[in-house]
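Okay, so here's the structure we're looking at.
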Amino acid sequence: MTEKKEPRTVRLGIIGAGLAIKRLHWPPLKRMPERFSVVAVADIDPKAAQEVAEMMGGCRWTTHYPELLSADDVEAVLISLPIHLNADVLVESARAGKHVLCEKPVGSNLQQAQAVVSAVRDLPVVVQVAEQFHYRRDIKQIEAWIAEGRIGKPFLVDAANRYWTDTQEGFGSTPWRQDSQYRGGAITDAAVHQAALLRHLGGEVEQLHAFTKLVHPELSGIDTMVLNLRYRNGMLGSFVFSAAAAGSESPYMYAAVYGTEGTISLEDSKLRLRTRDKAEETQEYNGSEAYYDQLVNFHRAITEGEPVVSTAEEALRDLEILMRAYDSAESRSVELL
């Protein structure tokens, strides 16, 4: 009988000590001390750096992130910076020989994202983009039901994400989210998740047509979009997004796949399959487990050579859907991917 091998602890550095680290990444990290040991934190704000360092057990901190890239005891970095800063630090970190887990999206525009993919493609390090929708267990279950033929031949994908951005607290209060220095504003920041979702539910997109506008009085860029899609496999899709939907009571997470024999719907934590003969199956999921699963994948990729699920290439395909949608809205034309 083969003895179970204990996982090796990866020494991790944190670059960027904002809300995403505190609310999204630290909760799963502290559940896996046998996999990751946070040894250093960097942020230009000394107060933020010190606060997160203390939160993570009292490791050292600095306001100069290159110190982490030159440190022998840092073998991997988790980068969580404003969208317009992530890409350059990602490439710099990978070239310094550090394994990289970087917050989404992979670039602030399509050209920058393509440059990132090209820069890191042949480097001997693990590069993963923190797009947790690629790790959601409910989305994997939808894919499994479709593959099993439970709803017959799928022909239509419908998704929506509508909410009000509170600029006084939470993620919406972050200055760089209100005055975006990256293309697309709130849509690029938040709807890149749904871009990944749309690909999981229908496959790769062939054509798209979009309309966009800015509604929220305290945001810049654009915050509302209606998007129509045609997939390469012939399926059709639609996606409605708004970060300015005051008083909205719609689910934050909504998606449905319609097939010739049934429908699969996802509303927040509830997944439901209903067939034409009125059979029904429901399951409940905790979407936050995706943050845990993506960290496990990052660790196994470093220590065991497991393939990365959310690669830079995958993240580029997610972002391309949004960037082509902006092109479509600006040119009032159908875009080919």
Side-chain angles (χ1 to χ4, degrees), residues 6-104 106-107 112 115-131 176 291-292 294-306 308 310-312 315:
E6 292 297 322
R8 176 177 72 80
T9 304
V10 171
R11 299 181 305 277
L12 185 66
I14 305 292
I15 300 178
L19 283 178
I21 291 295
K22 298 173 185 176
R23 297 188 180 183
L24 305 180
H25 298 293
W26 177 235
L29 273 173
K30 66 183 178 182
R31 290 169 55 191
M32 52 179 80
E34 76 287 355
R35 294 185 184 274
F36 291 101
S37 173
V38 179
V39 297
V41 175
D43 194 285
I44 58 171
D45 180 349
K47 182 179 179 181
Q50 184 175 12
E51 179 184 356
V52 168
E54 291 175 354
M55 177 188 300
M56 298 188 177
C59 64
R60 71 181 186 275
W61 61 271
T62 178
T63 58
H64 192 53
Y65 77 84
E67 290 181 20
L68 273 62
L69 304 187
S70 62
D72 293 336
D73 67 336
V74 175
E75 56 182 312
V77 292
L78 170 51
I79 303 170
S80 183
L81 298 170
I83 286 174
H84 60 286
L85 301 178
N86 271 328
D88 289 343
V89 179
L90 187 165
V91 173
E92 186 179 353
S93 300
R95 285 175 173 166
K98 308 300 183 185
H99 303 295
V100 177
L101 173 55
C102 183
E103 260 298 340
K104 55 75 190 167
V106 70
Q112 186 182 57
V116 168
V117 170
S118 178
V120 305
R121 180 177 289 123
D122 298 322
L123 295 178
V125 294
V126 171
V127 175
Q128 179 181 334
V129 177
E131 176 45 75
W176 62 263
Y291 295 102
Y292 180 90
Q294 75 181 5
L295 281 164
V296 171
N297 180 218
F298 185 50
H299 179 270
R300 289 177 176 168
I302 294 170
T303 62
E304 303 173 23
E306 179 177 275
V308 172
S310 185
T311 62

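Side chains included, hydrogens not; waters and symmetry mates left out as well; all remaining heavy atoms used. On a predicted model such as this, the values are computed, not experimentally measured, just so you know.
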Query raised in the report: Considering only heavy atoms from C-beta outward, does the side chain of Arg35 approach that of Arg300 to under 4.5 Å?
Result: yes
Report task. Drop me the distance from Leu12's CG to Leu101's CG, to the nearest 0.5 angstrom. Result -> 8.0 Å
Query raised in the report: Say you draw a straight line from CG of Leu81 to CG of Leu90; how long is it, rounded to the nearest 0.5 Å?
Result: 10.0 Å
Report summary line: dist Leu85:CG -> Trp176:CH2 (nearest 0.5 Å) comes out at 9.0 Å
**Report entry** Gln128 (side chain) donor-acceptor with Gln294 (main chain) under 3.5 angstrom
**Finding:** yes
Report summary line: Pro28 and Tyr292 have their tightest heavy-atom pair at CB-CA, 3.7 Å
Report summary line: Value for CD1 (Ile302) from NE2 (His99), rounded to nearest 0.5 Å, stands at 5.0 Å
Query raised in the report: Given side chains that start at C-beta, do those of Leu78 and Leu29 come closer than 4.5 Å, heavy atoms only?
Result: yes
Query raised in the report: For residues Glu103 and His25, is any side-chain donor paired with an opposing acceptor at under 3.5 Å?
Result: yes
Query raised in the report: Do the side chain of Ser310 and the main chain of Ala130 share a donor and acceptor less than 3.5 angstrom apart?
Result: no
Query raised in the report: Can you tell if the side chain of Glu75 reaches within under 4.5 Å of the side chain of Val10, non-hydrogen atoms only?
Result: yes
Query raised in the report: Considering only heavy atoms from C-beta outward, does the side chain of Leu295 approach that of Met32 to under 4.5 Å?
Result: yes
Report task. State, with a plain yes or no, whether a side-chain heavy atom of Cys59 is found less than 4.5 Å away from one of Val41. Result -> yes
Query raised in the report: So, Lys98 and Glu92, do they make that salt bridge, N to O below 4.0 Å?
Result: no
**Report entry** Shortest non-hydrogen contact from Pro46 toward Ile44
**Finding:** CD-O, 3.3 Å
Report summary line: Heavy-atom closest pair (Ile79 atom, Ser93 atom, distance to 0.1 Å) is CD1-OG, 3.7 Å
Requested in this report: Provide the closest heavy-atom pair for Pro27 versus Arg31 in the form atom of the first, atom of the second, distance.
Outcome: O-CG, 3.5 Å
Requested in this report: Check the side chains of Thr62 and Glu67 for a donor-acceptor pair under 3.5 angstrom, ignoring hydrogens and angles.
Outcome: yes
Requested in this report: Return yes if some donor-acceptor pair links the side-chain N/O of Ser70 with the main-chain N/O of Pro66 below 3.5 Å, else return no.
Outcome: yes
Query raised in the report: If you measure from the Lys or Arg side-chain nitrogens to the Asp or Glu carboxylate oxygens, is any gap between Arg11 and Asp72 under 4.0 Å?
Result: no
Requested in this report: Measure the shortest side-chain to side-chain distance between Asn297 and Val308 over non-hydrogen atoms and say whether it is less than 4.5 angstrom.
Outcome: yes
Report summary line: Interatomic distance, CD1@Ile15 vs OG@Ser80, rounded to 0.5 Å, equals 10.5 Å
Query raised in the report: Between Glu51 and Lys22, is there a side-chain N and carboxylate O pair less than 4.0 Å apart?
Result: yes
Report task. Could you tell me whether a side-chain N or O of Asp43 sits under 3.5 Å from a main-chain N or O of Ala17, the two making a donor and an acceptor? Result -> yes
Query - Closest non-hydrogen atom pair between Ala312 and Val117, with its separation - result: O-CG2, 3.5 Å
Requested in this report: Go through Phe298 and Val126 one step at a time and tell me if the side chain to side chain contact (heavy atoms under 4.5 Å, CB included) criterion holds.
Outcome: CA-CA 8 Å; Phe298 185 50; Val126 171; 3.9 Å; yes
Requested in this report: Mark yes when over 12 heavy atoms from residues, nucleotides or ligands other than Leu19 sit less than 6.0 Å from its CG; otherwise mark no.
Outcome: yes
Requested in this report: Calculate, to the nearest 0.5 Å, the distance between atoms CG and CD belonging to Asn86 and Gln112 respectively.
Outcome: 9.0 Å
Query - Under-4.0 Å salt bridge between Lys104 and Glu131 - result: no
Report task. For the residue pair Leu69 and Val74, establish whether any side-chain heavy-atom pair is separated by less than 4.5 Å. Result -> no
Query raised in the report: Does the side chain of Leu68 come within less than 4.5 Å of Tyr65's, by heavy atoms?
Result: no
Query raised in the report: Should Val77 and Ile14 be marked as a side chain to side chain contact (heavy atoms under 4.5 Å, CB included) after you check the CA-CA gap, both sets of side-chain angles, and the distance that decides it?
Result: CA-CA 6 Å; Val77 292; Ile14 305 292; over 6 Å; no
